[in-house]
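Along the sequence shown, residues are numbered consecutively beginning with 1. Remember, it's 1-based here, ligands and their atoms both numbered in the order they're listed. All values below were derived from every heavy atom in this structure, side-chain atoms included, with hydrogens, water molecules and symmetry-related copies excluded.
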Amino acid sequence: LITMGQADHSVITTCAYCGVGCSFRAEMQGDELVRMVPNQDGHANHGHSCVKGRFAIGYATHPDRITTPMIREKITDPWRVVSWEEAIAHTAREFKRIQAEHGKFSIGGITSSRCTNEETYLVQKLVRAGFGNNNVDTCARVCHSPTGYGLKQTLGESAGTQDFDSVLHADVIMVIGANPTDGHPVFASQMKRRLRGDDGRDPARLIVIDPRRIDIIKTPHVQADHHLKLRPGTNVAVLNALAHVVVTEGLVDEAFVAARCEPEAFDKWRAFVADPAQSPEAMETELGVPAAEIRAAARLYATGGNGAIYYGLGVTEHSQGSTAVMAIANLAMATGNLGRRGVGVNPLRGQNNVQGSCDMGSFPHELPGYRHVSDAEVRGLFEREWNVSLHDEPGLRIPNMFEAALDGEFKGLYIEGEDIGQSDPNTRHVTAALSAMECVVVQDLFLNETAKYAHVFLPGSSFMEKDGTFTNAERRISRVRRIMAPKAGYADWEITQLLSNAMGYPMHYTHPSQIMDEIARLTPTFTGVSFDRIDELGSIQWPCNETHPDGTPTMHVDEFVRGKGKFMLTGYVPTREKVNGRFPLLLTTGRILSQYNVGAQTRRTPNSTWHDEDRLEIHPHDAEERGIAHDDWVGVESRAGDTVLRARITDRVQPGVIYTTFHFPGSGANVITTDNSDWATNCPEYKVTAVQVTRVTQP
Ligand code: SF4
């Protein structure tokens, strides 16, 4: 894709990989991309980038790209190339047939956090207005849905509280269940600047809570003060133990709590965490962390000045993911670490537009702006704008769609930009559900794992081929600008519109800016957002409205979005995923710097010359016990399935815990993850799987 020629013009756009949302200048020669240069004026990255955003872009013109629509009657049939007219007409006919035979709730759609805000908005509009139900969900279901739930309950808004630059004002940084160096590298560099004290001030102190020794714990001139190396699945217990120390050692910011929080809920919470059963000493064995270490970390966070918490999927992807998010918010409220620069509760979002796909109403229970579908006033607003009557009950979440498919009640699925056949847990269960459907429509760049079970393939567009916006982890809305024509003729939003028209619900947009204008008309936190305004300011952090015309870097400054902050009780319930004689090890998962999620993009770039397979990290003690040497092939078996990986022996993981990534379909980490999920949101428990590991011969 990258030519070595001389650029004759450039276009500012936004990286389509992680939730940092770096701004790039695409240098062009005619309609050929010469190179991607990090934008010095980029508000999220200030001229920095990582190896993905700058170099891993060749997937957009990779020969694997499918550029023509295809259909087939049965998934065992070969694909037949058809015109766009035939593909769209066939899909609409099939969806209408299914609804006529099985009822209007028998079909649904899945949006993607890789697509633009405008595209995800259109998918949920198609489902609600065109399909006539609320069966729409997003891949955020499997990553940060607990963030949406937990922060809404406690603070009143389903989003992080700070901008990235806020970390430069932190005195104590707590990283929980996130690996910024690999997952959010440009933000990690900013964090490290503060941890090194590059600004001449005393370096910020660092607390890391993670079962594995991640890089930021010890990098040049950075050494974590505390690494709480807990057992996978015990986040809530350690957060309650930290809170116990804060409450019982008189470290609560009483003035903040009295002024900003609901007193009754606080009193109940205080009594709950003060119980000796929550103490570090009581939980020491369960956590595998010395009580004294927990006490020291709690004192540092509560008394060290501005305390900022950053967390990731190591918090959310648990059976108590939502509880852990609420426990983090409780801790921040109790210590007064909210509402100003340098503090806060900051989810590090995995994909480029996780925040945006959630904001856009991609959940089955919420219209855009996190408003429940049962709210008649809100529904009326959308009904008038969309000229349609909307259903008032939540639809199916992704796992519920699978269950309904296996029960014979859910028959048709439109999937835009999401490879559920690889990314969702317990692959066997997912593919059985897909196989039970009568019309699976995949709209994507490549014939991915899900497409193996599809009846219609609609070729999608890369971020270079369309206009729109992404919203990063700090609520920053940035422009994505088209630098080349769509390879298959249409941008994704246009395909959704074609399908909606064919389904009988007309849409008439001629540019994505019109979609954003509609979002702004309907969503109070977006009323000041438009393409023109983003062009003028460079980017905008929502809320952007009459009160905050230039956006909002720090939320909850004078009061919480819900008014008073609400402490929630966060009782620890151990995961159902238990080790035993047959499955004696706990598997947890994560990412590596050079690859991105299921790898559909990065595997088709030179980044794969650095990492071309998922490896299993195992502690020397566990390896020796099993006769496993470095680079040996090992079988990994769980209650859900089995796979084969190559071993990397390392003391990064503790005895009893193994670790792998999930970037390559062959090894299939999700073949072995289970159906366990968060009690509130069904976010899968990817981070805890009981397994056995044995040495095998090469597969
Ligand atoms: Fe892209 Fe994230 Fe890398 Fe920035 S840090 S260049 S957004 S992958």
Side-chain angles (χ1 to χ4, degrees), residues 1-2 11-27 33 35-60 112-117 143-144 160 163-165 167 175 178-193 214-216 219 310 312-313 346-357 462-464 468-481 483 538-539 541 590-608 610-611 661-663:
L1 177 65
I2 303 176
V11 181
I12 301 294
T13 191
T14 303
C15 180
Y17 282 118
C18 86
V20 178
C22 295
S23 176
F24 279 88
R25 198 174 67 247
E27 296 199 338
L33 179 63
R35 63 182 76 82
M36 295 287 271
V37 180
N39 178 15
Q40 294 294 334
D41 297 327
H43 294 151
N45 58 317
H46 306 294
H48 297 274
S49 73
C50 83
V51 291
K52 291 191 284 287
R54 185 154 192 184
F55 301 115
I57 48 181
Y59 69 87
S112 170
S113 300
R114 294 180 205 170
C115 291
T116 64
N117 284 317
C143 65
H144 267 287
D163 61 349
F164 288 142
D165 289 351
V167 76
V175 177
N179 182 1
T181 317
D182 282 82
H184 303 85
V186 166
F187 175 64
S189 299
Q190 198 172 15
M191 185 184 275
K192 281 188 264 186
R193 282 197 287 281
I214 57 173
D215 281 349
I216 204 157
T219 60
Y310 295 87
L313 304 182
N346 304 285
L348 294 174
R349 308 285 186 151
Q351 301 198 71
N352 51 323
N353 201 33
V354 177
Q355 181 67 59
S357 72
S462 77
F463 79 109
M464 300 182 205
T469 56
F470 292 150
T471 305
N472 75 355
E474 45 169 2
R475 296 171 278 105
R476 185 181 300 285
I477 310 163
S478 301
R479 274 298 312 277
V480 178
R481 292 183 176 87
I483 60 173
S539 65
Q541 286 178 272
R591 303 166 191 214
I592 47 176
L593 170 64
S594 60
Q595 296 290 340
Y596 177 71
N597 283 10
V598 296
Q601 293 140 286
T602 44
R603 279 188 281 109
R604 293 181 169 95
T605 73
N607 276 23
S608 284
W610 302 335
H611 292 106
T661 50
F662 48 81
H663 303 301

Original post:
Could you give the distance from CE (Met464) to CG (Leu33), rounded to the nearest 0.5 Å?
Top reply: 5.5 Å
Subject >> His184 side chain vs Arg349 backbone, donor-acceptor pair below 3.5 Å >> reply: yes
Original post:
Cut-off 3.5 Å, side chains only: do Asn117 and Thr471 have a donor facing an acceptor?
Top reply: yes
**OP:** Any chance you could measure Thr602, atom OG1, to Lys52, atom NZ, to the nearest 0.5 Å?
**Re:** 8.0 Å
**OP:** Spell out the protein N/O/S atoms under 2.8 Å from atom 3 (Fe) of ligand 1 as residue plus atom name.
**Re:** Cys50 SG
Original post:
Looking just at side-chain N and O atoms, do Ser539 and Ser478 make a donor-acceptor pair shorter than 3.5 Å?
Top reply: no
**OP:** Specify whether Phe187 and Tyr310 have parallel, tilted or perpendicular ring planes, treating 30° as the upper limit for parallel and 60° as the lower limit for perpendicular.
**Re:** tilted
